[in-house]
Structures are given as C-alpha cells and as structure tokens.
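Report on the following structure.
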There are 2 protein chains.
Amino acid sequence: MATDQAPRKDSSGSKQHHRLDAVPSPAVRRLSLYLRELEGFLKQNRQTTSSKELGEALGYTDSQVRKDLAYFGQFGQPGIGYRVAELVARIRGVIGTDRSWNTIVVGVGNLGQALLTYRGFAKKGFRVVAVFDNDPAKIGQPIGAMPGMEILPVDRLAEMVAEQNVRIGVITVPAEAAQPVADALVAAGIKGILNFAPAALTVPEGVSLASVELSGYLEQLAFYIHARQLADDPQ
Amino acid sequence: MATDQAPRKDSSGSKQHHRLDAVPSPAVRRLSLYLRELEGFLKQNRQTTSSKELGEALGYTDSQVRKDLAYFGQFGQPGIGYRVAELVARIRGVIGTDRSWNTIVVGVGNLGQALLTYRGFAKKGFRVVAVFDNDPAKIGQPIGAMPGMEILPVDRLAEMVAEQNVRIGVITVPAEAAQPVADALVAAGIKGILNFAPAALTVPEGVSLASVELSGYLEQLAFYIHARQLADDPQ
DNA sequence: GCTTGTGAAACGTTTCACAGCA
DNA sequence: TGCTGTGAAACGTTTCACAAGC
C-alpha cells in the first residue's frame, strides 16, 4: 500500500528525454492499469486507441491518460491516437517487463501457496525461481505445480539470489517474522520487496518496498460504508 | 488499488463534528495503519503514545499523524499525547469495526481458498459467512477450516446476503467473470466490493470498490528497480 | 474533422509553525 | 516543558484549454 522509491538526482547526461525519477507515483501505479487494458485491446485485435477510450475503460479523464503517458515518452500521433501494439511494447519497456524477472517467495503458508499457483504473475513476466520457509516440516517438500522444486531453508536465500539473479522477493510470513526476513532479503542483494505480512517494514535506500494490506482494504470499505450510513440516517 | 467513495453532501444537520465525507482518502488509507500499530502498542501495554512515536513507527511525520487523526475527532491531550486504549477504541468506532462485519467470498480458486484460511480478517472483525462458486464440481463441497459450511452456487447469493446482513463481498474469480459477479453482488444489495480479479470493474454510486492489483504491485517494483538501474548506469 | 502533448490554472495533500493547554 | 490541534504556506497532482499535427 506504500511504495518507496530511492530519490535520485539526474546526475548523468543520460539520454532519457523523460526523467523517470520525476514521474509522480500515482502515474506509475496507473501505468500497469493502462498496460493491462491495452493488452485486452490487443487480444481484441484493435489497431489503435485514444486517451479518451483508454480513460473511459478505467474511469480516468482523457487528459489524465495523456499526461501520464507523456511522462514516459511520446507514444501517440495527433489526430490518430495510440497504436495499441506499439504502446504495449513501449510500456513494457518502461516497466522492464519486456524481459523476464526472477523472483523468490519467502513463507509457504496459505497465502504463499496461493501465490505460487497464481498464473497471473507468470503472464506478466515474473517467474518464481525459489521458495523458502524456516519450518523444518516444510523444508525439502516438493512444490505442487512447480516440478523439480522444493522448499528451501531461509539460510540458502543469499545463495539462490546470487545464482539466479533475483531482484524481487515476496514476503508471505507471519507479521513477527517479516522484518527479519526483509533484512535477510536486503542482505542477499534483493532490490525490491513485496510484503504481504501485516507489519510496517523498513528497508534501506535503494531498495523498493510495496506492502499489500489485505485487512486494510476491508477496513477502508467498512469505513466508507459506515460513513455513508451515518450520513444517510444520522442519529 | 483504487477506492471509490460515493460523493456525499452534508445534507442533514447531523452532529458529526468532523464530516467524514471531507476526509482525504490518503488519510483513510493510513487510518488502518495507525490502528494496526496502536494495537501492537496495546499488546506491549503502553499507556500513551505521541504523534511523533506513531509517525516514526510508520514512516510518517508527526504533523501528518496529527492532521489525519484530527479529521476524525479530538483524541489527544496536549502535553500528554494519545491514550492508546482509548485511541484504538475510537478508531475502531470510526471505521465501524467495533462491530463485526459479515462478508462473503465469490470464487474458490487458490486465492479464494487462501483468503478463507487467512486468520487476519477475523482478527479485524470480518467474518466470512458464505462462499460461492459456479463450478458444479465445487458446489456442495465442505470448506476446510470452516465447519458446517459448504460452497454454494452463485444464484443463492442474494438470499444469503439478505439473511446474514452481508455488506461486503470479496471477488476472487477469473477476470472474465469479475464484472458479472460484481453486478450480482450489487443486485443482491452489497455495499462494498473487494476485487482481486485483474479487471477494471464498474459499480454504481453508493457502492464502494477496492481493487487489489497483485501483478500491479510487482510491476511497480520492477519499474522502480529498472529506473534506478538506468539512472545508475546509463547506456 | 479529430487527437496528442503541454503550459497554466485549479485543486488536493502535506508540512510548517505556533497558540493553547496539561 | 511537552504535545495537540489547526490555520497558512509549500508542495504535488489533476484538469483545463489550446497550439500543433494527422
């Protein structure tokens, strides 16, 4: 629910017309939504789309869409719109998912197991190459749906990260274990952490962190429902 | 990843000192983080805390914390801080989780099953009272860890929502099925939807929607890692 | 005609700074 | 003294409006 980005001055005269470190984080969040919608358009064999059409599909204004895309480059043609296939390729290039990303998962509870069998990650270019737990009963067990892989002890984390060039780690351990695991991931050289444990983690500069607050989402819904109810029939 | 709130004019002269419909949504998001942290303080038997302490635990400034809490009421005492137990109770009252909330889950795939066994929801006051799927092979099957419950066909949704006074529905079906399920939930009288399907949903005014973009989180991490790498060694 | 890309204006959120109170 | 609650300033994001191009 929170994403940290290491602050970065432009420094070099790198030929990035649009400085990626100057992009507002809401625009980064929306970028994957644009990509998903465009991938849908691609499946329907649509050749071009417009900021208006793309925005309507997602509930944003057309100017929001144009401004967002313009942070990353000039992708459209005045009078025509955006060529869907090209825009998909360009956005993947910006995100980096035109290449595949090796990831690891730490914690094989219910949620960890569900993520391992979730096909959505693979479709987007993320491959789980190793799975860890520190429960002796789990270590060595084969992983359903991942032939040839078994659950590894957490102390083999650094080794696997180096061997497989892993840059992203997913934490699905209980809250108490989350910070130590995050520290181990950072020590192993991981550059980004996706945390599902209900705990506030700290990571050093240069490491990105995203936390998924499952209960937080329900509480937000409860708040808005509750607030509407109070407004509708005040007591 | 996106939360809609029905816009609400103040209308009535309801005695809400702090209009809940005027609270910025970032503040609502942070409210559950404050609550979680405070619940932790409570377990450690801390009597009072301060905006500075609470903020540091979560990576926010002290003024951010004070401003956020002040949207919901006057909870602190100058010179002293906030009494932890009282603040926990007041925040739960604001969110509405001082009462238990009945919820239903539609879609018993990997993710749906993982959520059913996830203990975090129950701890926060959310109870899953029914589970639905439209796969004939699944209908009627018992639900592990939920004695006496079985998977119901989707056409019994409205019935259960009414019987059990369910206000929140969780969608864990494949993307193609998500919008029809959302429509069915809305028709059944659901007031809030938590969507895990990778699809942009539309719901009418008066219904809240939160979408959890699992792949989106990974893509955000990839983007920031990728951007840092480009900045560090430009080519 | 239609649609992009983009400065400028409008709007929203966070931080500052301090009066007031324990 | 220490800390909250809150206007005002600073900052960030979205929307507007239009020049330029197909």
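Because the structure is predicted, anything quoted here is derived from the model rather than measured.
Rounding to whole angstrom units, CZ of residue F75(B) and P of dC21(C) are separated by 20 Å. What separates OH of Y71(B) from P of dT13(C) is a distance of 7 Å, to the nearest Å. Residue L69(A) contributes atom CG, which lies 10 Å from atom C1' of dT4(C) at whole-angstrom precision. With rounding to whole Å, R29(A) atom CZ is found 13 Å from dT14(D) atom C1'. Protein atom CG of D62(A) is 10 Å distant from nucleotide atom C1' of dT4(C), rounded to whole Å. dG2(D) atom P lies 15 Å from atom CD of E53(B), rounded to whole Å. The interatomic distance linking D68(A) (CG) with dT15(D) (C1') rounds to 12 Å, in whole Å.
A donor-acceptor contact closer than 3.5 angstrom links the side chains of Q229(B) and R167(A). S208(B) and R228(A) share a side-chain donor-acceptor pair at under 3.5 Å.
With contacts defined as side-chain heavy-atom distances shorter than 4.5 Å, the pair W101(A)/V166(A) does not qualify.
The aromatic rings of Y60(A) and Y34(A) lie perpendicular to each other, with more than 60° between the two planes, well past the 30° mark.
The shortest distance between the side-chain N/O atoms of S63(B) and the OP1/OP2 oxygens of dT14(C) is not below 4.0 Å. Side-chain N/O atoms of R30(B) include one lying less than 4.0 angstrom from OP1 or OP2 on dT14(C). OP1 or OP2 of dT14(C) lies within a sub-4.0 Å distance of a side-chain N or O belonging to Q64(B). Phosphate proximity of dT6(D) to Q74(B): present, with a side-chain N or O under 4.0 Å from OP1 or OP2. Between Y82(A) and the phosphate of dG5(C), there is a side-chain N or O to OP1/OP2 separation shorter than 4.0 Å.
Annotation: of the two residues near DNA chain D, S51(B) and R66(A), the 5′-most nearest-nucleotide partner is S51(B).
Side-chain proximity of A70(B) to dT4(D), dT14(C), dT6(D): nearest is dT6(D). With dA20(D), dT6(C), dG7(D) as the choices, the nucleotide that has an atom nearest any side-chain atom of K67(B) turns out to be dG7(D).
Remark: the K52(B) side chain and the dG2(D) base include no donor-acceptor N/O pair separated by less than 3.5 Å.
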